[in-house]
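Report on the following structure.
Atoms within each ligand, like the ligands themselves, are counted from 1 in listed order.
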Amino acid sequence: MKKHNFYAGPSILTPYTIQKTADAVINFADTGLSVLEVSHRSKEFQAVVDEAVALTKELLQLPEGYHVLFLGGGASMQFCMVPFNLLEKKAAYLNTGTWASNAIKEAKLFGEVDVVASSEDTKFNYIPKNFVIPTDADYFHYTSNNTIYGTELRKDPDSPVPMVCDMSSDIFSRVFDPTKYEVIYAGAQKNLAPAGVTIVIVKESALGHVSRPIPTMLDYRTHVKKGSMFNTPPVLPIYSALMTLRYYKEQGGVAEMERRDVEKATILYDEIDRNKLFTGTVAEEDRSIMNVCFVMKPDYAELEKDFLDFATSKGMVGIKGHRSVGGFRASLYNALPKDSVEALVAVMKEFEAKH
Ligand SMILES: *Cc1c(COP(=O)(O)O)cnc(C)c1O
């Protein structure tokens, strides 16, 4: 039976990425060696990193003055690297969920943190609006897509200070204005590559302004200077990331990914709104196009496990909701085909007809 992969992360990759990665595991760039066993300093692998940097710049339309890094440590490492490198006195943070809360916790180790707004009071089911960002903050940090709660800021906020964004689960799914940001980071395992690499975009002019000493490995300048090769980078995930980037470009770039992602999300949200058994969990205007969270309506609450079993029997994988929300979550990353969304909708309709 065909499986439909809705995992939140690590998550579905394009068949092109998987096939090309498998090929390179056998024979990388006609070296007669596996990509698993070549030096990261070989000219063949250097070409991989160079092209991955260039394609990221092209796809995200980064202007001059921005560096693209491929680092280990996950997005979670960036929760500390950002304040280590940028927070001198005070930073502003928007609290929209678990990941934002983790970022806030780390920032507090380095200076004053002004949490400008939080939706924690209602289990993060909306994005706060009309908050005020202090003009004397070193930066404003937010999470563009809340993977766990299924909310998303799909428009760059207005900020009087430069912004830092955790785009782990929606990078390459929407067009944004990079000039508003000093740092953008994204763990690759949501929309790009296997787990192990984090893409970090840093603006040159943002560096070198804090007075504290920074350990070598945690200093962005180390990795900028060495082109992500200060130490051994995650070679295999970087190779896969390049394959995905090539695919995105060939398919029409980020604007085309966005068009497809909006179309897929609309199909699923329309069904959630129509189906008598289900209801969405977040404010309509803040719905994520990447992670769609829904639950059984109260009258049908006891059917939750039945639906999960039924959907699983029909090939749906990874739709169990995160433990802090419950219900269901379908992640519709770029690599997920529209067919899979239509298959999930068909399963929801069939289950409704039985009840
Ligand atoms: C998954 C995720 C993280 C954590 O990523 P790691 O690579 O596991 O550290 C952080 N932020 C967001 C928005 C995520 O979705």
If I apply the N/O under 3.5 Å rule, does A75 come out as touching ligand 1?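 It does: an N or O of A75 is found under 3.5 Å from an N or O of ligand 1.
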
Does a donor on one side chain and an acceptor on the other come within less than 3.5 Å for Y247 and N334?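 Absent: no donor and acceptor within the cut-off.
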
Side chains of Y181 and Y139: do they bring a donor and an acceptor to under 3.5 Å? no

Quick test: of every protein heavy atom, which one is nearest to [atom], and how far off is it to 0.1 Å?
| atom | answer |
| --- | --- |
| atom 15 (O) of ligand 1 | T147 OG1, 2.4 Å |
| atom 9 (O) of ligand 1 | S76 OG, 2.6 Å |
| atom 11 (N) of ligand 1 | D166 OD2, 2.6 Å |
| atom 14 (C) of ligand 1 | K190 NZ, 2.9 Å |

Between [X] and [Y] (side chain of the first, backbone of the second, donor and acceptor by atom type, cut-off under 3.5 Å), is there such a pair?
| X | Y | result |
| --- | --- | --- |
| S169 | N145 | yes |
| T135 | P160 | no |
| E258 | V175 | yes |
| K90 | D114 | no |

Below 4.0 angstrom from a heavy atom of [X], which ligand 1 atoms are there? Numbered from 1 as shown, please.
| X | value |
| --- | --- |
| G74 | 7 (O), 9 (O) |
| S168 | 10 (C), 11 (N), 12 (C), 13 (C), 14 (C), 15 (O) |
| F79 | 10 (C) |
| T143 | 13 (C) |

Who pairs with Y149 by ring-ring contact (aromatic ring centres under 6.0 Å, His included), at least two apart in sequence or on another chain?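 Partners of Y149 by the ring-ring contact (aromatic ring centres under 6.0 Å, His included) criterion, ordered by chain and then number, come out as F124.
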
Heavy-atom proximity to atom 8 (O) of ligand 1, picking from M167, Q78, Q189, points to Q189

Taking atom CG of D30 as the centre, report whether more than 12 heavy atoms of other residues, nucleotides or ligands fall under 6.0 Å from it.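 No, the 6.0 Å shell around CG holds no more than 12 heavy atoms from other groups.
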
Hey, is N145 touching ligand 1 through its side chain, its backbone, both or neither, going by heavy atoms under 4.0 Å? backbone

If you measure from each non-hydrogen atom of Y185 to ligand 1, which part falls under 4.0 Å: side chain, backbone, both or neither?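 Under 4.0 Å from ligand 1, Y185 contributes no heavy atoms.
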
